Amino acid sequence: DGGITQSPKYLFRKEGQNVTLSCEQNLNHDAMYWYRQDPGQGLRLIYYSQIVNDFQKGDIAEGYSVSREKKESFPLTVTSAQKNPTAFYLCASSNKQSASPLHFGNGTRLTVT
Amino acid sequence: GQNIDQPTEMTATEGAIVQINCTYQTSGFNGLFWYQQHAGEAPTFLSYNVLDGLEEKGRFSSFLSRSKGYSYLLLKELQMKDSASYLCAFDQTGANNLFFGTGTRLTVIP
């Protein structure tokens, strides 16, 4: 079955450490996205990529980095520069056409202490 | 600017009907999405409205009024499994992502 896989589901890190969240899709979608979800707030866009080897900052990119070396993969690194990294992170993909719905992974809950 | 308003929480009884409202402000509006998200899980696509009017999909229907910047999701014959958050989101001309509301957490009680 096609879909998006995020791993791990839960991740714990000490403050000051960088951490990379994995996102893989086998839907053959060109576009991939990273969102952050906090209680009481809507999904906020961190980074997105519409094509391999290209990506753009979203609304809250500071303290995060991404790469898009393969169409299937869009890993997100949460760096020590991110002031409040504890959150639920969602990866999504779409085929980039207008009205194309986003397909989401099951998310990674990151806790930094 | 861009804005979406949804009620934070709603409670309804099993078997009943519930309407979840969403109002939005933006320029270059394309259409409006509704997603369902169970706690700790991925949002799943429910509907997309571009034209004014009501679109029905089984127990779920979604309505859009472009002139009023208003949409609602109607859930009929509520089941316990419908307890979830419902996210309203719009896409814009020339934009590469969706703008999400904070979501409405629906609790279905027996």
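The basis for the numbers below is simple: all heavy atoms, side chains too, and nothing from hydrogens, waters or symmetry mates. What you see is a predicted model; the values in this text were computed from it and never measured. Just so it is clear: chains get the letters A, B, ... in the order the sequence lines come, proteins before strands, and each one is counted from 1.
- More than 12 heavy atoms of other residues, nucleotides or ligands lie within 6.0 Å of CD in B:Gln19, so this atom counts as buried by the packing criterion.
- Here A:Phe88 contributes atom CZ and B:Glu41 contributes atom CD; the two are 8.5 Å apart, rounded to the nearest 0.5 Å.
- B:Phe33 and A:Pro101 get closest at one heavy-atom pair: CE2-CA, 3.7 Å.
- Interface check for chain A: of the options B:Leu98, B:Asn97, B:Thr102, B:Ile4, the most heavy-atom pairs under 4.5 Å are formed by B:Thr102.
- Heavy-atom distances place the backbone of A:Gln41, and not its side chain, under 4.5 Å from chain B.
- The neighbour count for B:Glu77 CD, taken as heavy atoms of other residues, nucleotides or ligands under 6.0 Å away, does not exceed 12.
- Contacts with chain B were tallied for A:Leu90, A:Leu102, A:Ile4, A:Asp59; A:Leu102 has the most, counting heavy-atom pairs under 4.5 Å.
- Contact detail for B:Ala42 and A:Gly105: the closest heavy-atom pair is CB-O, 2.8 Å.
- Ring-centre distance between B:Tyr35 and A:Phe104: below the 6.0 Å cut-off.
- Neither the backbone nor the side chain of A:Gln56 has a heavy atom closer than 4.5 Å to any heavy atom of chain B.
- Distance CZ/B:Phe100 to CZ/A:Arg44: 13.5 Å, rounded to 0.5 Å.
- Atom NZ of A:Lys9 has more than 12 neighbouring heavy atoms from other residues, nucleotides or ligands inside a 6.0 Å radius.
- Only the side chain of B:Gln37 comes within contact range of chain A, with at least one heavy atom under 4.5 Å from a heavy atom of that chain.
- No more than 12 heavy atoms of other residues, nucleotides or ligands shown are found within 6.0 angstrom of CD1 on A:Ile51.
- Linking ILVMFWY residues whenever their side-chain heavy atoms come closer than 4.5 Å, directly or via other members, leaves A:Val52 and A:Phe74 in distinct clusters.
- Residue B:Phe60 is not grouped with residue B:Val50 when hydrophobic side chains (ILVMFWY) are merged at heavy-atom distances under 4.5 angstrom, including chains of intermediate members.
- Under a hydrophobic-cluster definition in which Ile, Leu, Val, Met, Phe, Trp and Tyr are linked whenever side-chain heavy atoms come within less than 4.5 Å, directly or via other members, B:Leu51 and B:Tyr72 are assigned to different clusters.
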